[in-house]
Amino acid sequence: MRKRPGEVRDAIVNVLKTRPRGASVAEITQHVTTFIGAVPASSIRSYLQLNTPELFARMNRAQYALNGFEYQPLAPPQGVANRSIRFGQSTLVQDDCFAWLERRPLNSIHAVVTDPPYGLVEYSELEQKKLRAGKGGVWRIPPSFDGSQRSPLPRFTTLKQTDLDALEQFFTAWAERLLPVLVPGANVVVASNPLLSYLVSGALACAGLERRGEIARLVMTMRGGDRPKHAHKEFSGVSVMPRSMWEPWLVFRKPLEGRAQDNLRKWGTGGFRRISAERPFGDVIESSPTRSSERALAPHPSLKPQGFLRQLVRGVLPLGKGIVLDPFAGAGSTLAAAEALGYESIGVEKDAAYFNVATKAVPKLARLALNTD
Ligand SMILES: C[S@@+](CC[C@H](N)C(=O)[O-])C[C@H]1O[C@@H](n2cnc3c(N)ncnc32)[C@H](O)[C@@H]1O
């Protein structure tokens, strides 16, 4: 197919703008082909050579990078130690995932299942200090009405327009870095919430991921349903917001290379694993809040339950082969689910305390026998 003028250049620039250390001709060719159709490696090589040094720079080991591009990491990994631990088929890395994604080889991840931070500030050092000290900050303890202790939740409703803009930029930059490391057809499933899912969806689509729907995790959360503050009695028949009874998990994928069957043959991705011969993978999964026994093994304020995650993680690798990534790993619940299923996985967590929690929690969560979630 004929390409429009500048299409090849734009596709090359797009991939290189998130790779400060450059990429090889083969990697660039693969990426360009996924987005604009087949372009021979020889054409890409001559395009790169012809436009070096005006547009590109030749780095070590036959890698090309953008020349003079003012690269500014959004979340510089200052002070983040870089250590990694392996157990079974899972690898847990302590790092900032933006920096980690920039170093990861292209086309090397087969699926993503993740629960990212939403307030941007809630997992900052300052807010984590306040949460750990038990006072102030964006975390609040929901009212306890049945004698059981509730876990702290961040207040999403307090986000201002500037916070929303920052969130959109965060997810765009994240998806731009994620896209080149995914193999074509890789599923990307991102936990969200009904207030902010539109914004995350827009950012992911803008970066070049294809939207494929949403999975509804049916779970009764502690959000919404309250009467107006300081006017409970006057408006006793009113809830300011609907009581939340589900959680959206956004479903995206990197565009396929060819038809679904071509992509499945070449990369092992491009669909969802069926539950059985009769039952396809569905987009509603019944769940319940994370059980206290799991919380005791993996103390993290946003811990997701194994019962739900194992169903989801099983589904994202259509042939049961490949690497599942959780770039915001927390206590490692996605890794534990992958480990329980016999899948290979990588988790990246920047906070040292949660990294330590995860190193202990993953093997224990993975061994949990589950009847229900
Ligand atoms: C919502 S929590 C994930 C919890 C996880 N689903 C679990 O079940 O334990 C988000 C996690 O992302 C981590 N995080 C935030 N920004 C990060 C970044 N840039 N790179 C890596 N981890 C990050 C936070 O420290 C937090 O532990």
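Just so you know, ligand 1 is whichever comes first in the structure, and atom 1 is the first atom listed for that ligand. Since the model is a prediction, treat every value here as computed from it, not as a measurement.
- Residue Pro327 places a heavy atom less than 4.0 Å from ligand 1.
- Residue Ala329 touches ligand 1 through its backbone alone, judged by heavy-atom distances below 4.0 Å.
- Atom CG of Asp283 and atom CZ of Arg212 lie 12.0 Å apart (nearest 0.5 Å).
- Atoms of ligand 1 found under 4.0 Å from any heavy atom of Lys304, numbered from 1 in the order shown, are 6 (N), 8 (O).
- Between Cys97 and ligand 1, at least one pair of N/O atoms sits closer than 3.5 Å.
- Remark: distances from the non-hydrogen atoms of Thr334 to ligand 1 are all 4.0 Å or more.
- Only side-chain heavy atoms of Tyr354 come within less than 4.0 Å of ligand 1; its backbone N, CA, C and O stay farther off.
- When each atom of ligand 1 is checked for a heavy atom of Asp351 under 4.0 Å away, the hits are 25 (O).
- Contacts between Pro116 and ligand 1 below 4.0 angstrom, taking non-hydrogen atoms only, involve the backbone exclusively.
- Only the side chain of His300 comes within 4.0 Å of ligand 1, judged by heavy-atom distances.
- For the pair Ala298 and ligand 1, no heavy-atom separation below 4.0 Å is found.
- Minimum interatomic distance between Val362 and Ala336 (heavy atoms only, all atoms of both residues): O-CB, 3.7 Å.
- In this structure, Trp174 and Phe171 have perpendicular ring planes: the angle between them is above 60°, well past the 30° mark.
- A donor-acceptor contact shorter than 3.5 Å links the side chain of Gln89 to the backbone of Gly342.
- Within ligand 1, the atoms closer than 4.0 Å to a non-hydrogen atom of Asp115 are 1 (C), 2 (S), 3 (C), 4 (C), 5 (C), 6 (N), 10 (C), numbered from 1 in the order shown.
- Close approach of ligand 1 to Ala331 is summarised as follows: ligand atoms under 4.0 Å from at least one heavy atom of the residue are 7 (C), 9 (O).
- Distances between N or O atoms of Asp326 and those of ligand 1 include no value under 3.5 Å.
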